[in-house]
Amino acid sequence: MKDKLIALVAFLEDQSFITDALGDGDACRIFPVVAPEGTQKPFLIYSVGSVPKTKDGRGYNGLLSVYYDGNGYTELVEFTDAIEAVLDASGVYDVQDIETGYSKEYDTMVVNININID
């Protein structure tokens with residue numbers, strides 16, 4: 001599973017539209033499971049399931065959650081469309097579903113992207 005996580009992060013950081021939005025290098029706002037408190041939006045968190053989904057044990061479930069300020073709906077939708085396209089085109093990551101939500105308490109938009117990883 002560690003190899004899947006390393007490959008997923010490297011794939012995400014290799015996409016210029018992602019680094020344009022989330023920063024690159026040490027300033028990159030891509031985090032495993034949870035972002036540090038006070039992290040500037042937008043940012044992305046990821047996780048990969050430890051149990052293979054397929055019978056032959058080759059695939060894993062993954063979750064990408066993208067957070068934007070509450071007034072950034074248009075940017076969030078554009079980012080989501082772009083990330084869905086590159087994931088599906090990769091031949092490694094297969095988008096299963098996408099859900100959008102809003103937290104009034106934190107004035108934050110979030111998109112959860114569920115993927116299968118071969």
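In this text the structure is predicted, and so the values were computed from the model without any measurement.
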Output side-chain donor-acceptor pairs under 3.5 Å for residues 20-34, partner residues at least two apart or in another chain, one line each.
residue : atom : partner : partner atom : Å
R29     : NE   : Q40     : O            : 3.2
R29     : NE   : P42     : O            : 2.7
R29     : NH2  : A21     : O            : 2.9
R29     : NH2  : P42     : O            : 3.2

Show me, pair by pair, the donor-acceptor contacts under 3.5 angstrom made by side chains of residues 102-112, not counting sequence neighbours?
residue : atom : partner : partner atom : Å
Y102    : OH   : D107    : OD1          : 2.8
S103    : OG   : Y106    : N            : 3.2
T108    : OG1  : K41     : NZ           : 2.9
T108    : OG1  : Y106    : O            : 2.8
N112    : OD1  : S65     : OG           : 2.5

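Shortest non-hydrogen contact noted between A35 and T39 is CB-OG1, 3.9 Å. Here the closest heavy-atom approach between residue I115 and residue I117 is recorded as CD1-CG1, 4.0 Å.
The ring pair (Phe, Tyr, Trp, His ring centres under 6.0 Å) test applied to Y46 returns no partner, not counting sequence neighbours. Here F17 pairs with Q15, F79, A82, I83, V86 under the side-chain contact (heavy atoms from CB on, under 4.5 Å) rule; sequence neighbours left out. Taking the side-chain hydrogen bond (donor to acceptor under 3.5 Å, both in side chains) definition, one finds that D97 meets it with N114, sequence neighbours left out.
Looking at heavy atoms from C-beta onward, L44 lies in side-chain contact with L64 at the 4.5 angstrom threshold.
Contacts classified as salt bridge (charged side-chain N to carboxylate O under 4.0 Å, His left out) and involving residues 71-94 (residues at least two apart or in different chains) are not found.
Cluster annotation: L63 is not connected to I18 through the hydrophobic network of ILVMFWY side chains, with a link wherever side-chain heavy atoms come within less than 4.5 Å. Hydrophobic clustering keeps L87 apart from F43 (ILVMFWY residues linked when any side-chain heavy atoms are closer than 4.5 Å, directly or through intermediates). Cluster membership for I45 and V9, using ILVMFWY side-chain heavy atoms within less than 4.5 angstrom, is not shared.
How far CD1 of I113 is from OH of Y93: 13.5 Å, rounded to the nearest 0.5 Å. Residue T80 holds its OG1 atom at 7.5 Å from OH of Y68, rounded to the nearest 0.5 Å.
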